[in-house]
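As a basis for the values below, the full set of heavy atoms in this structure was taken, side chains included, without hydrogen atoms, waters or symmetry mates. In this chain, numbering begins with 1 at the start of the sequence shown.
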Amino acid sequence: MTTGTQIIRTQGLGRDFTVRDGVRRRTVTAVDDLDIGIDAGEAVGYIGANGAGKSTTIKMLCGILVPTRGEVTTCGLRPVADRRRLARQVGVVFGQRTQLWWDLPVRESFRILAAIHALGATRETERTDELVERLELADFLSTPVRQLSLGQRMRAEFAAALLHDPAILFLDEPTIGLDAPSKLAVRDFVRRLNREQGVTVLLTTHDMHDVEALA
C-alpha cells in the first residue's frame, strides 16, 4: 500500500470473554467500541496498562481472535475471513511469546517460516542474508533458540516476523524484559524500518520511552 492509504480501520470493534467465577460465569469486556484509522507508513503507539486490551486488539487485527462486534479491515482484508491472505501482509512480534522452534537452531526456524510463506529458495536466501546482516544474527544462527539470551532471541523474533517482507509490523510489548542496550537496539531497528522502508508499525506498550522513540 502507498503512504496515505488507510491500512487499518476499525469501527465499533469489541471483544468479550466469558470467565468462570466459582460456579458462575460472567462476561468480561476486553475491548469496547474501538475506532481506529491508521495510514500506510505510519508508526502508531497503542498505549495502556496491563490488562487494558492491547494484545486482544492486535489478535483481532491479525485474525487470531474473532471480534464479538464491530468491523475491522487490515491491509484491505477481513482478518478472520481472509486470514490466509492477510498472513502474507503482516508480521507480528509478541514480547512474551515466540514463533521460533525452541529446540531448533535459529536458521532452521527461518527455513521453516520461509517454506510456510512459500518464499522460494532464492528469495529465502536473499531475505535471510539481509536480515542476518541488519540484525547482527550471524554469531548465533546455528544456536538452538532455547540457548539464546533474551536480547538475541528478540532479534531473531524480529527477523522471523519480517522474513516474508510484510507491509505492517505489529509489536506487542517487544522490549519487555530487555536490558537497556537491547531496548535501544530494538528501537533503532524499528525506527529505521519504518522511516527508510515505509513499513507500517503498530506498537502496543506501557513503556513511554518506547512510545517517545518510535511513535
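Screening residues 65-119 for ring pair (Phe, Tyr, Trp, His ring centres under 6.0 Å), with sequence neighbours left out, gives His117-His164.
For Thr122, the side chain to side chain contact (heavy atoms under 4.5 Å, CB included) test picks out Glu126, with sequence neighbours left out. Evaluation of the side chain to side chain contact (heavy atoms under 4.5 Å, CB included) rule for Ala30 yields Phe17, Thr56 as partners, not counting sequence neighbours. For Phe158, the ring-ring contact (aromatic ring centres under 6.0 Å, His included) partners are Phe189, not counting sequence neighbours. Applying the ring-ring contact (aromatic ring centres under 6.0 Å, His included) rule to Phe140 yields no partners; only residues at least two apart in sequence or on another chain are considered. Under the side chain to side chain donor-acceptor pair (under 3.5 Å) criterion, Glu42 pairs with no residue, sequence neighbours left out. Residues forming a side chain to side chain contact (heavy atoms under 4.5 Å, CB included) with Arg84 (at least two apart in sequence, or on another chain): none. Contacts of Asp33 classified as salt bridge (charged side-chain N to carboxylate O under 4.0 Å, His left out), with partners at least two apart in sequence or in another chain: none. Evaluation of the side chain to side chain contact (heavy atoms under 4.5 Å, CB included) rule for Ser182 yields Leu178, Asp179 as partners, not counting sequence neighbours. A search for side chain to side chain donor-acceptor pair (under 3.5 Å) contacts involving Thr10 returns nothing, not counting sequence neighbours.
Here Ile176 sits alone; no ILVMFWY side chain lies under 4.5 Å from its own, so it joins no hydrophobic cluster. Clustering of Ile, Leu, Val, Met, Phe, Trp and Tyr side chains at separations under 4.5 Å places Val19 together with Val28.
At a threshold of 4.0 Å, the pair Asp129-Arg134 does not count as salt-bridged, since none of the basic side-chain nitrogens sits closer than that to a carboxylate oxygen.
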